[in-house]
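Throughout, a chain's letter reflects where its sequence line sits, starting with A, and its residues are numbered from 1.
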Number of protein chains: 2
Amino acid sequence: MEALLNTIRHFIPLTEADAALIRQLFKVKQLSKGEYFVQEGYTCKQVGFIQQGLVRYFLNKDGQELTYEFGKEGEFICNYASFLDQSVSDESIQVLEDTSLLAISFDDLQTFYKQVPAGDRFGRLIVESIFVRAKKQLASLYSEPPEVRYRQFLQLYPDIQQRIPQYYISSYVGVKPPSLSRIRKRLAQS
Amino acid sequence: MEALLNTIRHFIPLTEADAALIRQLFKVKQLSKGEYFVQEGYTCKQVGFIQQGLVRYFLNKDGQELTYEFGKEGEFICNYASFLDQSVSDESIQVLEDTSLLAISFDDLQTFYKQVPAGDRFGRLIVESIFVRAKKQLASLYSEPPEVRYRQFLQLYPDIQQRIPQYYISSYVGVKPPSLSRIRKRLAQS
DNA sequence: CAATTCCGTTCACCTGGGTTAATAAATCAG
DNA sequence: CTGATTTATTAACCCAGGTGAACGGAATTG
């Protein structure tokens, strides 16, 4: 819970009253490996904060699961496109390890916005940051070849490479598993 | 100016007073072919609404200009990542034809938010819509081969194909000009 | 422990885009 | 209108990733 408060304090100052409210509004949520935080076809009803564990974001393209993002300890997870206007999600967030979350519901988040003075600003900053993140990924896909994207993935997630199947990584990088194998081989040789 | 009001009405209702305020806050701005609405290294100080004309969004990767988006009549243009927190832009918006805009400054937009009851909601809906747009493009880059992306471009911008150089389109599609030529040839044959 | 499923790698072959350069077509400026 | 510049196409060659399949090792299951 302290990790959550500190992460929020990274964006806005919090009084003790604010912190107390946050402690109240966020509920602990446990998900086992393979379970979903949001599933395609359903509405994303919460924002989560990962205390321990790992998730992947993926979308469905003709039956193929395309993993395009990961979330790890200390990060917020949410399908904002679904959450913000409570519409049906066209992508999924799945837990890759047993994961411990702090989650806040849509309604409780509105309470947070009302009662914490800088709450709206926090909300805006979070949405901005995920937007900037999406833009960065767009730029990366446009400008970087798979090999570079793989190296950047290793930098961004140095620890989780051993924790998950390679084919999630190959999907994130934008290639098929055999191709990621070749990339890894090339990198090992040099 | 009516086009602007109608576009805003597409998101929120406007009273006559609202409309009058909008007429006051948005200023006509003319840009000639080749000029910039925002340039890399500068701050995006306005949101524009295209009355007539065409723009491209691009970013700079090792001296290569990567065109990743277009804007046409009836669309808002802005580098929101720069505008929202008035930070330095890392991308540019350039005018591809002599273009007539209606533009509102950052400060005047705050006035709009304060005075128009549904103003904040409009702002949120716009930011959401550009976010969703970025996500769609991300999904497209992940899942669609260049040939499909080119066909989708033709659907999305049926008219402007003749108005701009092909290499902007090839950049948008994610390939080099010779490759787009081959794609066009393949499509013409079938 | 044995059987099965899952997963990563490798192979052979194919396809499509990158690169460079030449040429042709279109556009622009004087 | 003409020469110059810009842009689009084409060709030849190379290379990286896709595909399908086989293999071996790891993890799971009963």
May I ask you to evaluate whether Tyr167(B) reaches the phosphate of dA8(D), defined as a side-chain N or O under 4.0 Å from OP1 or OP2? no

Would you mind reading off the distance between Tyr168(B) atom OH and dT6(D) atom P, rounded to a whole angstrom? 12 Å

dC7(C), dT10(D), dT10(C): which one has an atom nearest the side-chain heavy atoms of Pro178(A)? dT10(C)

Between the base of dG16(C) and the side chain of Arg186(B), is there a donor-acceptor distance below 3.5 Å? no

Does a distance-only test, which skips hydrogens and angles, find a donor-acceptor pair under 3.5 Å between the side chain of Arg182(A) and the base of dG18(D)? yes

Lys185(B) NZ to dA11(D) C1': how many Å, rounded? 9 Å

Arg184(A), nearest nucleotide to its side chain (from dC28(C), dT9(C), dT10(D)): dT9(C)

Using side-chain heavy atoms (C-beta onward) and a distance below 4.5 Å, is Phe26(B) in contact with Asp108(B)? no

Under 3.5 Å, is there a donor-acceptor pair between the Lys29(A) and Gln46(A) side chains? yes

Taking the side chain as C-beta and beyond, is there a heavy-atom pair between Thr99(A) and Phe37(A) under 4.5 Å? no

Whole angstroms only, please: what is the CD1-C1' distance between Ile169(B) and dA8(D)? 12 Å

The nucleotide from dG8(C), dA8(D), dG17(D) with an atom nearest the side chain of Val175(A) is dG17(D)

From OH of Tyr150(B) over to P of dA8(D), roughly how many Å is that when rounded to an integer? 11 Å

Round to a whole Å and report the spacing from CD of Gln166(B) to P of dT10(D). 12 Å

Figure out the CD/P separation between Glu144(A) and dA16(D), and round it to whole Å. 17 Å

Under 4.0 angstrom between Ser179(B) side-chain N/O and dG18(C) OP1 or OP2: yes

Once you round it to whole Å, what is the distance between C1' of dT19(D) and CG of Leu180(A)? 16 Å

Measuring from the side chain of Pro146(B) (C-beta onward, heavy atoms only), which nucleotide among dG17(C), dA8(D), dC28(C) has the closest atom? dG17(C)

Find the distance Lys176(A):NZ to dG16(C):P and express it as a whole number of Å. 15 Å

No-hydrogen, no-angle side-chain donor-acceptor test under 3.5 Å, Glu65(A) and Tyr167(A): no

Arg121(B) to Phe11(B) six-membered ring, cation-pi geometry met (6.0 Å, 45°): no

Residue met sooner reading DNA chain C from 5', once Lys33(B) and Glu147(B) are mapped to nucleotides: Glu147(B)

